[in-house]
Enquirer: 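Have a look at this one.
Hydrogens, waters and symmetry mates play no part in the numbers below; they use all other heavy atoms, side chains included. Because the structure is a prediction, the values reported are computed rather than measured. Just so you know, residue 1 is the first one in the sequence shown, and it goes up from there. Just so you know, ligand 1 is whichever comes first in the structure, and atom 1 is the first atom listed for that ligand.
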Amino acid sequence: MPELRRDPVTGRWVCLAPGRALRPEAAHDSAIPPDAHPADCPFCEGREGRTPPEVAAIRPGGSGPNTPGWRVRVVPNLFPAFSDDDADADLADPLHAHGPALGASEVIIHSPDHRRWLPFLSAEQAELVMATTSERYRRHSVPGVGSVVPIYNHGREAGASLTHPHGQVYATRVASPVLDEELRGAEEAYRGVGNCVFCSMIEVEEAQEVRLVAQAEAFVAIAPYASRQAFECWIIPRRHAADFGEVEDEDAAALGVFLRDVLWRLYQEVGDVPLNWYIHSLPNATGDWSRSFHWHLEVRPKLTEIAGFEMATGTYINTTAPESAAAMLSAHGGPSPEATDPI
Ligand SMILES: [Zn+2]
Ligand SMILES: [Zn+2]
Ligand SMILES: [Zn+2]
């Protein structure tokens, strides 16, 4: 059973989940293997019985749960890092504080197609993927939750244990230190700038036009000014909201298409590199944070290893200027509306 342990020096919580060591290992180092339908993939259509029972699915033909005929399918994580299993807790121990890792972890299978991840899906499928992600986010964004984080791992080096394209949603009781840092930082920046720093960022980046990657009616993609990694991209919604749960269905669908566009540009420029994307959002946005925080999606390609200096100091050394990355990415056109062949 997963357990949270508190570091006695920094107060940072760590999730200890030994059961996840049993996860299947990806058979290939690069992201998408050429074999279209591996015999043992539990996420392929026709193998619905090999996952825990689904909690949601898009089934246009009205097929029954846990049978073929789905477009997007959501199942609980077989190897959860967080779950609602209760266990003993001792938060007062100064050296060994611990408690159960309460929360949820779900898997969103992006399509029945084993070979196509987001940039290669049709625009319509990308809409379904993000509409489902938004629905699952809202489902877990309940009072008492500390963070709800949709994430995606592409490639084994980025943490994908199964090659069939799938996202995940993690809901935890404790707030994440990264989100906490952003919330406090955004509030401080609000006091300095006199406005939401993300709203200001959109305004300035669109005026300067040197770090713009792509633009759409509801979203802007930029290479952030202090990019930690080469080709890091942030997607920021034009409409100010701290909580991704406030996004209209239409905008959630549009986010899927826009993210597909950004990932397509990255693929055109740097090829099939491992990457992660995730959404930073304040669940149940209330109080002061809601004026200063602004939900966003971060794309973090892994072109180099996070090495000793980064681990020791928390300071990243980035060898590609965001201005160069933006110039290269914005020069590419977007994908066609139809699904394309990844090979
Ligand atoms: Zn598969
Ligand atoms: Zn804003
Ligand atoms: Zn962020």
Enquirer: Please answer whether the main-chain N or O of N284 pairs with a side-chain N or O of D243 as donor and acceptor at a distance below 3.5 Å.
Expert: yes
Enquirer: Find, among atoms of H164 that are N, O or S, the one nearest to the Zn ion (ligand 1), and state its name.
Expert: ND1
Enquirer: In H294, the N, O or S atom nearest to the Zn ion (ligand 2) is which?
Expert: ND1
Enquirer: Please determine if E127 and R71 form a salt bridge, counting it only when a charged side-chain N lies under 4.0 Å from a carboxylate O.
Expert: no
Enquirer: For Y170 and F82, take the angle between the two ring planes, folded into 0 to 90°, and tell me which bin it lands in: parallel under 30, tilted 30 to 60, perpendicular over 60.
Expert: perpendicular
Enquirer: How many degrees, to 10°, between H240 ND1 and C196 SG as seen from the Zn ion (ligand 2)?
Expert: 110°
Enquirer: Determine all donor-acceptor pairs shorter than 3.5 Å in which one atom belongs to a side chain in residues 192-201; sequence neighbours excluded.
Expert:
{"unit_1": "S200", "atom_1": "OG", "unit_2": "C196", "atom_2": "O", "d": "3.0"}

Enquirer: Within the side chain of R260, is there an N or O that forms a donor-acceptor pair under 3.5 Å with the backbone of L121?
Expert: yes
Enquirer: Scan the side chains in residues 10-18 for donor-acceptor partners under 3.5 Å anywhere in the protein, sequence neighbours excluded, and list what turns up.
Expert:
{"unit_1": "T10", "atom_1": "OG1", "unit_2": "D7", "atom_2": "OD1", "d": "3.4"}
{"unit_1": "T10", "atom_1": "OG1", "unit_2": "R12", "atom_2": "N", "d": "3.1"}

Enquirer: From the Zn ion (ligand 3), how many protein N/O/S atoms are found at a distance short of 2.8 Å?
Expert: 5
Enquirer: Can you tell me which N/O/S atom of H114 has the shortest distance to the Zn ion (ligand 1)?
Expert: ND1
Enquirer: Less than 4.0 angstrom from a charged side-chain N to a carboxylate O is my criterion; do E106 and R139 meet it?
Expert: no
Enquirer: Test of geometry: compute the angle SG(C41)-the Zn ion (ligand 1)-SG(C44) and round it to 10°.
Expert: 120°
Enquirer: Below 3.5 Å, can you tabulate the donor-acceptor pairs from side chains in residues 328-336 to any protein atom, sequence neighbours excluded?
Expert:
{"unit_1": "S330", "atom_1": "OG", "unit_2": "A326", "atom_2": "O", "d": "2.7"}
{"unit_1": "S330", "atom_1": "OG", "unit_2": "A327", "atom_2": "O", "d": "3.4"}
{"unit_1": "H332", "atom_1": "NE2", "unit_2": "E269", "atom_2": "OE1", "d": "2.6"}
{"unit_1": "S336", "atom_1": "OG", "unit_2": "E338", "atom_2": "N", "d": "3.3"}
{"unit_1": "S336", "atom_1": "OG", "unit_2": "E338", "atom_2": "O", "d": "3.2"}

